[in-house]
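The model shown is predicted, which means the values in this text are computed figures rather than measured ones. Values below: every heavy atom of this structure, side chains too, minus hydrogens, waters and symmetry copies. Residue numbering restarts at 1 for every chain, and letters A, B, ... go by the order of the sequence lines.
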Amino acid sequence: MRNRDKTVKKSKWDEVRLKNWTSLAFRVGIAISLTLIVVGFIILIYISGFTNIQPLVRLEQIPAAIVISLGILFLLLTPIVQVLLSVIFFSKNRDKLFIGISIAVLSLSAVSLILALL
Amino acid sequence: MSNYTLNDINLWALGGTGIFAGLLGSMLGVGGGIIIVPVLTLALHLPIQIAIGSSLVAIVANACTAAGLYTKAGMTNVKLGLLLETATIPGAIIGGFVAVLIPASILSALFGAVLIYVGYTMVVRNYFETQDAETELPVLSNKPVSDLSAALSDSYHDETQNRVVNYKVKRTPIGLVAGFFAGVLSSLLGIGGGIIKVPVMHLVMEVPMKAAIATSTLMIALTAAAGALIYQYHGNLQPFVIAPLVIGIVLGSRAGVELTKKTHGVWLRRIFGIFLFLVAVLMFLKTANII
């Protein structure tokens, strides 16, 4: 009985750890990406002023576009990193069902990422 | 690559759109997409594919911020979110490809139809209102749960009731089918897809409302990211359109959380529901080239 209780508690603690990892991945990802996007936006305003601008990037605006694009890339990678952490978590727990599920989600996300980079 | 011309845009109008979308989105429990796409197309005259791609990125920012908070509070069912994403992401990829193949007028009409549905849920059937987690759950059958359902069982601490809510997840196949269509709709129209996921998780899969909203938010981050990457493949992500939108939506949603505590949610939702009907009419007029 004591062993069973111990198992339940351990499993519950593991679930909490999965949620902590997930939360951390989102918060770090959003912090990095937002910082880059804000910095890029400040560079854009410095270069182009407060006036209306063309959405398509001009030569002198390239530095701003690069920094903002990096921020967007980090932002879109954030949920994918969360899935990667889930794969690691389930592998450590030897949870075969969810290793398979999280690898399937990671593979599907990778397909869209590869298409975007083509 | 899409074929369109782009007019000059006002950065502050885009930032204002993001703030408005974040503010109303968090106050009303909807993604910012149903606000961003109509404003960008009807008011700022951006092509609908650019509007949808930009909306998806803004939604990822909003969803990641909220998902971090929900998951930290222990409300997100990560396992359920991952399982449903096996169907939702393929839907998002397919939706992203279909969106560039069908005419913009049809996309506008589809968007109008979705606005009418969301407006209806706000005015008449308020699925998204967070209520008591266990007492309101519908009882559709008394069948024993499967092994998978047991593996998806979860719990969270409900602060308003000061107790731990335990629940099991039922009817996962229906959730997977609904997830696929939510993914298609998300990428096709630049919305989060929570309008499908939350009611299905809550009413069909018997997930408590707070856990359904939290899990849907986690899923929206992944689905919208997959969809946005497909829009990037088609050259429809413009950094200068996206930057002010993303900054605005994050600021707006934080302000919205504070404002929600001071406003009367039901009437706000009803007024916004009627507003959505009016926007739907404008989208249909745009479809018919009248405006």
Side-chain angles (χ1 to χ4, degrees), chain A residues 12 15-16 18-30 33-34 37-38 40-41 44-45 48 50-57 61 64-69 71-72 75-80 82-83 86 89-90 95 97-98 101-102 104-105 108-109 111-118, chain B residues 6-13 15 46 50 57 60-61 63-76 78-79 81-83 85-86 89-90 92-93 96 147-148 151 154-155 218 221-233 237-244 246-247 250:
Chain A
K12 198 63 219 168
E15 291 281 319
V16 169
L18 173 63
K19 290 183 182 183
N20 286 343
W21 283 15
T22 303
S23 174
L24 187 68
F26 277 121
R27 284 182 290 145
V28 171
I30 199 82
S33 55
L34 260 183
I37 290 171
V38 169
F41 189 61
L44 176 66
I45 291 171
S48 305
F50 284 27
T51 53
N52 293 355
I53 63 156
Q54 254 286 313
L56 298 176
V57 179
Q61 295 168 330
I66 289 173
V67 178
I68 293 172
S69 299
I72 294 170
L75 181 64
L76 299 182
L77 283 177
T78 297
I80 299 172
Q82 178 265 318
V83 180
S86 298
F89 173 84
F90 292 124
D95 186 338
L97 176 63
F98 282 95
I101 288 170
S102 47
V105 175
L108 289 164
S109 303
V111 168
S112 51
L113 182 63
I114 289 164
L115 283 172
L117 296 175
L118 282 177
Chain B
L6 291 168
N7 299 318
D8 282 4
I9 49 163
N10 186 298
L11 294 173
W12 304 108
L46 282 168
I50 293 262
V57 179
V60 175
C64 283
T65 308
L69 297 173
Y70 280 137
T71 314
K72 192 181 177 191
M75 290 157 70
T76 311
V78 180
K79 284 182 172 179
L82 285 172
L83 174 68
E85 278 302 309
T86 57
I89 293 178
I93 293 172
D147 286 347
L148 179 61
D154 201 6
S155 63
L218 172 92
L222 258 170
T223 312
L229 287 167
I230 301 300
Y231 276 80
Q232 168 63 21
Y233 171 72
L237 293 190
Q238 300 296 337
F240 297 162
V241 177
I242 291 167
V246 167
I247 296 167
V250 172

Point to revise | chain A interface, residue from B:Leu83, B:Thr76, B:Thr71, B:Ile247 that has the most non-hydrogen pairs under 4.5 Å | key: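 Among B:Leu83, B:Thr76, B:Thr71, B:Ile247, the one with the most close pairs to chain A is B:Thr71.
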Exercise for review: Select, from B:Ala225, B:Gly74, B:Gly227, B:Cys64, the one with the greatest count of heavy-atom pairs under 4.5 Å involving chain A.
Suggested key: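 Highest number of pairs under 4.5 Å: B:Cys64.
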Atom pair [atom1] ([X]) and [atom2] ([Y]), whose distance is rounded to the nearest 0.5 Å:
X	Y	atom1	atom2	result
A:Leu115	B:Ile230	CG	CD1	4.5 Å
A:Leu77	B:Leu229	CG	CG	7.5 Å
B:Ile93	A:Ser112	CD1	OG	4.5 Å
A:Ile45	B:Trp12	CD1	CH2	4.0 Å
A:Leu108	B:Leu222	CG	CG	10.0 Å
B:Gln238	A:Ile72	CD	CD1	9.5 Å

Using heavy-atom distances under 4.5 Å, tell me whether [X] contacts chain B through its side chain, its backbone, both, or neither.
X	value
A:Leu75	both
A:Leu113	both
A:Ile101	both
A:Leu97	side chain
A:Leu34	side chain
A:Ala25	neither

Practice item. Applying side-chain contact (heavy atoms from CB on, under 4.5 Å) between A:Ile30 and each of B:Thr65, B:Val60, B:Val246, report the one that passes. Key: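 Checked B:Thr65, B:Val60, B:Val246 against A:Ile30; only one passes side-chain contact (heavy atoms from CB on, under 4.5 Å): B:Thr65.
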Review point. At their closest point, which heavy atom of A:Leu76 faces which heavy atom of B:Ala228, and how far apart are they?
Key: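 That would be CD2-CB, 3.9 Å.
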Practice item. Over all heavy atoms of both residues, which pair between B:Gly68 and A:Arg27 is shortest? Give the atoms and the distance, please. Key: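 Scanning both residues, the minimum pair turns out to be CA-CG, 4.3 Å.
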Between [X] and chain A, which part of the residue has a heavy atom less than 4.5 Å away: side chain, backbone, both or neither?
X	answer
B:Val250	side chain
B:Leu82	both
B:Thr86	both

With the side chain counted from C-beta on, respond yes when [X] and [Y] share a heavy-atom pair under 4.5 Å apart, and no when they do not.
X	Y	value
A:Gln82	B:Leu218	yes
A:Val105	B:Ile89	yes
B:Lys79	A:Phe90	yes
A:Lys19	B:Val78	yes

